[in-house]
Amino acid sequence: MTETGEAPDGRAAHHGDVRLTRRGRIAVGTLAAGVVAALAAVLVSAAGPFGTDGARRAAPGASRPPRAAPTPPPTTPVVLDWEVHHERRLRAWPAVPTTYATVVHDDGDASYRRRGSRIVEYVVPGDDSNRLRLTTYAHRPRTLAAWGVQEAARLREYWPDAEVRTEPARFRGSPALLLDATYTFSPQTPTKTRRLQLLTTTATGRSYDLYVEMPRVPAAEHVGRAVFRGARDRLRLDGP
């Protein structure tokens, strides 16, 4: 066959089908290669330097990339150094963060002494926003449930907007009550105060009240809860 597509004897080389000359096949091949190369260039341009379309673009229908989720409340564990205080008049060994100092003691409260009760209170010097107090009572209602009702009523008497929740608990094998209260400490202080409180008795019949007060804002509550849990778990009662 000649390059013109004719047979050597001059007859046409196509009978009922289409055949390309060598030159035609080269031209078609070159055209197909150009189309493939152009298509590949378009895809690469759309994909960007990282090879994925969505990685650098907004979601379909959005005018800008999605914003990051809001920062959650503080969840980092609070690390505290603890110091045990021997409060002889209370017959107790409260554990207190080393940054706290005694600001109230039973010797300075005559009304408590007359009732046979004792108190001790600790705060960070210069910052009384987180307050830790331990009280022992000479007299209290006969049952823990009644004591819890009395304490909730007392809180509402001091702070009429107080919201108080109580739940039964155990402390070193003895029955106990947990109180969780929120109230406005002072009209001059718009931020509410939260109090976590433990009421319990010992085998010898002595009654103890441990609480921590804190501002009801996420960062302060995060620290206050850690102080309450640490003080509760380390508290030793009814010693000589």
Discussion item. Atom CG of residue position D81 - does it have more than 12 heavy atoms of other residues, nucleotides or ligands inside 6.0 Å?
Written reply: no
Worksheet item: Does N130 have any side-chain hydrogen bond (donor to acceptor under 3.5 Å, both in side chains) partners at least two apart in sequence or in another chain, and if so, which?
Response: none
Practice prompt. Using a 4.5 Å cut-off on heavy atoms from C-beta on, say whether the side chain of R170 contacts that of T200.
Written response: no
Practice prompt. State yes or no: do M214 and V217 share one hydrophobic cluster built from I, L, V, M, F, W and Y residues joined by side-chain heavy-atom distances below 4.5 Å, directly or via other members?
Written response: no
Worksheet item: What heavy-atom pair brings A152 and L179 nearest, and what distance separates the two atoms?
Response: N-CD2, 4.5 Å
Worksheet entry | T102 side, atom OG1; E87 side, atom CD - distance, nearest 0.5 Å | 6.0 Å
Practice prompt. Only counting residues at least two apart or in another chain, list the ones meeting side-chain hydrogen bond (donor to acceptor under 3.5 Å, both in side chains) with Y183.
Written response: R195, E213
Worksheet item: How many angstroms lie between CG in L210 and CG in L199, if you round to the nearest 0.5 Å?
Response: 9.5 Å
Worksheet entry | Shortest non-hydrogen contact from P141 toward Q150 | CD-OE1, 3.3 Å
Worksheet, complete the sentence: CG (L198) and CG (L178) are apart, to the nearest 0.5 Å, by 6.0 Å
Discussion item. Taking the side chain as everything from C-beta on, heavy atoms only, tell me whether L134 gets closer than 4.5 Å to L235.
Written reply: yes
Worksheet item: Could you give the distance from CZ (R156) to CZ (R154), rounded to the nearest 0.5 Å?
Response: 12.0 Å
Worksheet item: In terms of side-chain heavy atoms, does R118 have a donor or acceptor partner in T135 at a distance below 3.5 Å?
Response: no
Practice prompt. For residues L132 and A95, report the shortest heavy-atom separation together with the two atoms involved.
Written response: CD1-O, 4.4 Å
Practice prompt. Check Y122, W93, Y100 against H85 for a ring-ring contact (aromatic ring centres under 6.0 Å, His included) and give me the one that passes.
Written response: Y122
Fill in: Minimum heavy-atom distance between L237 and F171, given as atom pair plus value
CD1-CE2, 3.6 Å
Worksheet item: How many angstroms lie between CG in D209 and OG1 in T201, if you round to the nearest 0.5 Å?
Response: 12.5 Å
Practice prompt. With sequence neighbours left out, write down each residue that passes salt bridge (charged side-chain N to carboxylate O under 4.0 Å, His left out) with D161, or none if nothing qualifies.
Written response: K192
Fill in: Atom CZ of R142: over 12 foreign heavy atoms under 6.0 Å
no
Worksheet, complete the sentence: Residues passing the salt bridge (charged side-chain N to carboxylate O under 4.0 Å, His left out) test with R140, sequence neighbours excluded, are none
Worksheet item: Is L177 reachable from Y137 through a run of hydrophobic residues whose side-chain heavy atoms are each under 4.5 Å from the next?
Response: yes
Worksheet item: What distance separates H222 NE2 from R225 CZ, expressed to the nearest 0.5 Å?
Response: 7.0 Å
Worksheet item: For residues R206 and Y208, is any side-chain donor paired with an opposing acceptor at under 3.5 Å?
Response: yes
Worksheet item: Does D233 offer a backbone N or O that forms a donor-acceptor pair with the side chain of R172 under 3.5 Å?
Response: yes
Item to complete: For the residue pair T182 and R216, establish whether any side-chain heavy-atom pair is separated by less than 4.5 Å.
Response: yes
Worksheet item: With a 4.5 Å heavy-atom cut-off, do L90 and V120 have their side chains touching?
Response: yes
Worksheet, complete the sentence: Nearest heavy-atom contact between G224 and V212 is O-CG1, 3.9 Å
Discussion item. With clusters defined by side-chain heavy atoms of hydrophobic residues (ILVMFWY) lying less than 4.5 Å apart, directly or transitively, does V96 cluster with F228?
Written reply: yes
Fill in: Residue list, side-chain hydrogen bond (donor to acceptor under 3.5 Å, both in side chains) with T204, at least two apart or on another chain
T202, D238
Practice prompt. Work out which heavy atom in P97 is nearest to a heavy atom in W82; give both atom names and the distance.
Written response: CD-CZ3, 3.4 Å
Worksheet item: Hey, does the side chain of S186 reach the backbone of Q188 with a donor-acceptor pair shorter than 3.5 angstrom?
Response: yes
Item to complete: List in chain and number order the residues that pass salt bridge (charged side-chain N to carboxylate O under 4.0 Å, His left out) with R194, two or more places apart in sequence or in another chain; answer none if no residue qualifies.
Response: D180, E221
Discussion item. Side chains of Q197 and L155, heavy atoms from C-beta outward: is any pair under 4.5 Å?
Written reply: yes
